[in-house]
2 protein chains.
Amino acid sequence: MDQPDRRQSADGPAGGAPLRRRGKALEAAIFEAALDQLTSGGFARMTMEGVAGAAQTGKAALYRRWASKADLVMDALVAAMPPPTGIPDLGSAEAELRHVVQGYIVVLNSRLGAAVRTLMGELDHERAEFFKGFLHERVVEPTAAGILGILRRGEARGDVRKGAAVSTVADVMPAMLLYRAKFCGGVCDEEFGEELLGQVLLPMVRP
Amino acid sequence: MDQPDRRQSADGPAGGAPLRRRGKALEAAIFEAALDQLTSGGFARMTMEGVAGAAQTGKAALYRRWASKADLVMDALVAAMPPPTGIPDLGSAEAELRHVVQGYIVVLNSRLGAAVRTLMGELDHERAEFFKGFLHERVVEPTAAGILGILRRGEARGDVRKGAAVSTVADVMPAMLLYRAKFCGGVCDEEFGEELLGQVLLPMVRP
DNA sequence: CCGATAGTGAACGCAACCGTCTTTTAGGGT
DNA sequence: ACCCTAAAAGACGGTTGCGTTCACTATCGG
């Protein structure tokens with residue numbers, strides 16, 4: 001149904017070519033533009049005009065697909081999210097926690113992560129209701145579930161203290177990373193991940 | 001114009017009270033109204049008209065005092081904040097941490113706490129720059145410093161593990177409370193404080 | 001080759017709300 | 001008592017950006 005031969009190829013971003021995409025190709029460009037705008041300026045500064053302009057299309061194409069700005073943002077995030085991946089048994093809680101922490105940090109520093117962070121930090125009362133369930137279900141919940149799995153496995157294995165496999169403990173990692181990202185200049189590199197692991201997570205769960 | 005009976009023309013529950021305040025009294029009423037609006041509807045829904053109306057005054061009185069909505073909010077928060085109180089030596093790190101956690105929870109559930117939480121969760125890119133320094137200096141920094149003091153004292157006393165007196169560890173408590181308040185329905189009661197203490201903070205710092 | 005479908009681009013209406021300004025009135029200093 | 005300043009109340013203009021609509025045109029299926 002779609003020809004790989006696209007006229008937009010490479011001879012100039014704004015070369016004046018007609019560039020009329022349809023269906024999935026256009027939708028992908030719109031998502032791209034929406035994530036860019038969301039990442040760089042936040043939800044408030046992202047405008048439908050801006051997205052349409054950056055995607056080289058018009059607002060009508062947007063409103064034919066989504067009823068509102070919020071709907072567009074949600075779909076753009078969903079489309080960019082990889083399916084949650086299970087954590088394999090790596091033999092020790094330390095290795096598994098390290099795996100999750102470093103993976104989380106990578107995601108947090110990706111463009112998707114920046115968009116999600118921006119969005120989370122910018123929800124007024126009405127948007128909050130709209131996005132909170134989504135964020136909880138797609139971001140918070142899977143993370144906590146994964147860590148809880150690690151803790152249970154470690155409890156059975158013996159390298160996690162008995163009784164530590166509870167949601168309060170599982171929440172520490174995401175809470176720390178988001179707190180850091182939000183209030184301390186956003187420096188969430190691998191080094192911080194190691195410190196978090198060594199100073200907080202491992203001491204907290206050791207038997 | 002010859003009839004002096006224009007005291008209060010509308011639904012005023014004030015009922016013939018001294019409707020025309022000045023100076024400090026008026027300012028206090030404005031702060032009150034601003035905090036109310038901020039708490040109930042968030043920063044976006046708080047409007048200058050709304051604050052003026054709730055304070056039974058006009059916008060002119062607001063703009064004579066503050067250059068913008070953001071300035072008003074900041075002053076209202078500063079005026080409502082109690083001076084930071086030092087943590088006394090209670091003999092054990094557990095007692096001192098419990099003291100801080102429960103104190104933090106009380107503040108978080110007060111009207112001031114609700115206003116601060118709302119504000120933190122709703123900062124678009126331009127406001128963020130404006131408020132971030134303020135929040136860090138007045139909220140995040142003092143809290144971390146207080147906990148760091150507890151950790152150092154405990155380290156010297158021997159009931160806190162060596163090397164735990166670092167900011168990453170000190171940040172765990174506020175990070176957890178804010179994460180909870182923001183993403184998990186806002187249930188931050190004393191019971192949760194005890195669980196946080198027993199499952200996270202004490203295991204993390206025990207020698 | 002042709003008609004249906006969908007994208008383009010721009011104009012418009014509309015609502016919210018900021019910040020200014022004006023008019024009338026009350027308090028309080030002197 | 002008098003006058004000056006500040007307050008109350010609201011009208012006003014300006015900006016922003018959402019969401020709609022319209023005329024036109026490229027692309028695709030048949």
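Every chain is numbered from 1 and lettered A, B, ... according to where its sequence line falls, protein lines coming before strand lines.
- With D:dA6, D:dC18, C:dG19 as the candidates, the nucleotide lying closest to the side chain of A:Met48 is D:dC18.
- Summarising the geometry, the separation between CH2 on A:Trp66 and C1' on D:dT20 is reported as 18 Å, rounded to the nearest angstrom.
- Comparing D:dT21, C:dG19, D:dA8 by their nearest atom to the side chain of B:Lys69 picks out C:dG19.
- At whole-Å resolution of the value, CD in B:Gln37 and C1' in C:dC18 are 15 Å apart.
- Picking from D:dA8, D:dT20, D:dA11 the nucleotide with the shortest atom distance to the side chain of A:Tyr63 gives D:dT20.
- Put simply, NZ on B:Lys24 is 15 Å from P on D:dA6, counting in whole angstrom units.
- We find that CD of B:Gln56 is positioned 11 Å from P of D:dG10, with the value rounded to whole Å.
- Counting atom types as modelled, A:Arg20 pairs no side-chain N or O with a base atom of D:dT27 as donor and acceptor under 3.5 Å.
- Summary of the strand contacts: A:Glu49 and A:Ala55 both lie near DNA chain C, and taking for each the nucleotide with the nearest heavy atom, the more 5' one is attributed to A:Ala55.
- When each of C:dG7, D:dA8, D:dG19 is scored by its nearest atom to the side-chain atoms of A:Arg65, the top-ranked nucleotide is C:dG7.
- A salt bridge links A:Glu32 with A:Arg111: the distance from a Lys NZ or Arg NE/NH1/NH2 to an Asp or Glu carboxylate oxygen falls below 4.0 Å.
- For B:Ala60, the side-chain atoms get nearest to C:dC21 when compared with the rest of C:dA11, C:dC21, D:dA7.
- Between A:Arg45 and A:Arg64, it is A:Arg45 whose nearest contact on DNA chain D lies nearer the 5' terminus.
- A:Arg22 places its CZ atom 16 Å from the P atom of D:dT25, with the value rounded to the nearest Å.
- The residues B:Glu126 and A:Arg45 are annotated as salt-bridged, a charged nitrogen and a carboxylate oxygen being separated by less than 4.0 angstrom.
- One can place CG of B:Leu26 at 6 Å from P of D:dA7, the figure rounded to the nearest angstrom.
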Steps toward side chain to side chain contact (heavy atoms under 4.5 Å, CB included) verdict (A:Phe131, A:Met120): CA-CA 9 Å; A:Phe131 282 115; A:Met120 286 194 311; over 6 Å; no
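- The side chain of B:Lys59 lies closest to D:dG10 when the candidates are C:dA6, D:dC18, D:dG10.
- B:Glu190 CD: 12 or fewer foreign heavy atoms inside a 6.0 Å radius.
- The interatomic distance linking B:Leu62 (CG) with C:dC17 (P) rounds to 15 Å, in whole Å.
- From B:Leu177, atom CG reaches atom OH of A:Tyr179 across 10.0 Å, with rounding to the nearest 0.5 Å.
- Rounded to whole Å, atom P of D:dA7 lies 10 Å from atom CZ of B:Arg21.
- For B:Ser68, taking side-chain heavy atoms from C-beta onward, the closest of the listed nucleotides D:dC18, D:dA7, C:dG19 is C:dG19.
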